[in-house]
Amino acid sequence: MRTVRDDSGALYLLVKESSDSCKVRDPETGEETYRDRDELELASGESALATTARAVPDPARRVLTATPDERALGLLVELRERGPHSVRHLLDATDLCESDLLGVLTEFRAAGLVEETRVLGERGYATTDRADDGLALLTDE
């Protein structure tokens, strides 16, 4: 399986190829079509598996790739359902040590899933719309 790109820059998965045509699959819709071989080029640096992952909507994919384990996922769900929360509250209410909590929150911030806020005058965190959308997709809401 390889990733190819057409003239417009759209990415496809190469399913089959012959001397003059290629069967390609749109990673987002799953639709398979035949294209002239001359219209396509190999997308260097694009993993076929990463291209395949585009079948998962971007907000959900962002949550999945930024969440290293179930505790981190639970933290994100907690912030969405009952947040925002102060850092002090999160340390008291979860089984994460300070280092682990701040590490996960830093990863979530880098992924655009949480943002820093003030909660009762203390530093805290709240989910972003991107996290809310991703979690809604994952929880069938």
Side-chain angles (χ1 to χ4, degrees), residues 1-120 122-141:
M1 192 166 40
R2 294 180 293 170
T3 301
V4 294
R5 178 178 284 120
D6 68 9
D7 295 337
S8 72
L11 295 177
Y12 298 93
L13 292 162
L14 183 61
V15 177
K16 263 194 227 183
E17 61 184 314
S18 68
S19 60
D20 59 340
S21 69
C22 297
K23 184 177 184 180
V24 296
R25 181 173 66 234
D26 183 317
E28 294 177 21
T29 65
E31 179 184 358
E32 292 185 353
T33 58
Y34 285 92
R35 305 284 298 265
D36 287 338
R37 187 180 181 110
D38 295 342
E39 295 176 9
L40 301 169
E41 65 181 45
L42 282 177
S44 62
E46 289 286 338
S47 162
L49 293 175
T51 301
T52 301
R54 292 173 187 242
V56 176
D58 182 61
R61 200 168 61 242
R62 179 71 58 122
V63 168
L64 292 171
T65 57
T67 307
D69 57 33
E70 288 182 346
R71 291 187 327 157
L73 181 59
L75 175 64
L76 195 59
V77 170
E78 174 66 20
L79 284 171
R80 176 178 172 240
E81 298 296 320
R82 294 175 192 81
H85 288 305
S86 69
V87 172
R88 183 186 318 264
H89 170 81
L90 292 172
L91 284 169
D92 290 342
T94 69
D95 62 350
L96 295 168
C97 69
E98 184 175 2
S99 175
D100 289 346
L101 175 65
L102 294 179
V104 170
L105 290 170
T106 299
E107 290 295 323
F108 285 162
R109 282 186 68 197
L113 298 175
V114 300
E115 58 193 1
E116 197 169 308
T117 189
R118 301 297 291 176
V119 179
L120 301 172
E122 296 182 4
R123 184 176 61 143
Y125 290 90
T127 55
T128 62
D129 290 342
R130 176 179 278 164
D132 295 342
D133 293 345
L135 289 169
L137 288 165
L138 293 170
T139 58
D140 267 346
E141 291 178 16

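What's counted below: heavy atoms across the whole structure, side chains too, no hydrogens, waters or symmetry copies.
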- Query: Rounded to the nearest 0.5 Å, how far apart are CG of Leu113 and CG of Leu79?
  - Reply: 10.5 Å
- Considering only heavy atoms from C-beta outward, does the side chain of His85 approach that of Val119 to under 4.5 Å? no
- Can you tell if the side chain of Arg62 reaches within under 4.5 Å of the side chain of Thr128, non-hydrogen atoms only? no
- Message: Distance check, rounded to the nearest 0.5 Å: Arg2 atom CZ versus Leu42 atom CG?
- Response: 5.0 Å
- Message: Tell me which pairs pass salt bridge (charged side-chain N to carboxylate O under 4.0 Å, His left out) where either residue lies in residues 21-31, with sequence neighbours left out.
- Response: Lys23-Glu32, Arg25-Glu32
- Please collect all side-chain hydrogen bond (donor to acceptor under 3.5 Å, both in side chains) contacts where either partner lies in residues 48-57, sequence neighbours excluded, each pair once. Thr3-Thr51
- Go through the steps to decide whether Glu98 and Leu91 satisfy the test side chain to side chain contact (heavy atoms under 4.5 Å, CB included), and finish with yes or no. CA-CA 7 Å; Glu98 184 175 2; Leu91 284 169; 3.9 Å; yes
- Task: Examine distances only and state if a side-chain atom of Arg37 and a backbone atom of Ser18 form a donor-acceptor pair shorter than 3.5 Å.
- Result: yes
- Distance, nearest 0.5 Å, that separates CG of Leu138 from CZ of Arg61: 12.0 Å
- Can you tell me if Asp36 uses its side chain to pair, donor with acceptor, with the backbone of Asp38 under 3.5 Å? no
- Item | Contacts of Thr33 that satisfy side-chain hydrogen bond (donor to acceptor under 3.5 Å, both in side chains) - sequence neighbours left out | none
- Message: As an exercise, state the distance from CG of Leu76 to CG of Leu135, rounded to the nearest 0.5 Å.
- Response: 4.5 Å
- Task: Report yes if some heavy atom in the side chain of Leu73 is under 4.5 Å from a heavy atom in the side chain of Val63; otherwise report no.
- Result: yes
- Query: With sequence neighbours excluded, what pairs up with Glu115 under the salt bridge (Lys or Arg N to Asp or Glu O under 4.0 Å) test?
  - Reply: none
- Item | Nearest heavy atoms of Ala72 and Phe108, plus distance in Å | O-CZ, 3.5 Å
- Query: Out of curiosity, Asp58 CG to Leu137 CG, how far, rounded to the nearest 0.5 Å?
  - Reply: 10.0 Å
- Using a 4.5 Å cut-off on heavy atoms from C-beta on, say whether the side chain of Leu96 contacts that of Leu90. no
- Distance-minimising heavy-atom pair for Thr127 and Arg80: CG2-N, 3.6 Å
- Using the test side-chain contact (heavy atoms from CB on, under 4.5 Å), find all partners of Leu40 that sit at least two apart in sequence or belong to another chain. Val4, Asp6, Cys22, Val24, Arg35
- Query: Which heavy-atom pair separates Leu13 from Ala48 by the least distance, and what is that distance?
  - Reply: CD2-O, 3.5 Å
- Task: Might you point out which heavy atoms bring Arg5 and Ala43 nearest each other, and give the distance in Å?
- Result: NH1-CB, 3.8 Å
- Task: Before giving the answer on side chain to side chain contact (heavy atoms under 4.5 Å, CB included), spell out for Asp100 and Arg71 the whole-Å C-alpha distance, their side-chain angles and the decisive distance to 0.1 Å.
- Result: CA-CA 10 Å; Asp100 289 346; Arg71 291 187 327 157; 3.7 Å; yes
- Only one of Leu105, Thr117, Leu101 passes side chain to side chain contact (heavy atoms under 4.5 Å, CB included) with Tyr125; say which it is. Leu105
- Item | side-chain hydrogen bond (donor to acceptor under 3.5 Å, both in side chains) involving Glu41 - partner list, sequence neighbours excluded | none
- Can you tell me if CD on Glu81 sees more than 12 non-hydrogen neighbours from other groups inside 6.0 Å? yes
- With rounding to the nearest 0.5 Å, note down the distance linking CZ in Arg123 to CZ in Arg88. 11.0 Å
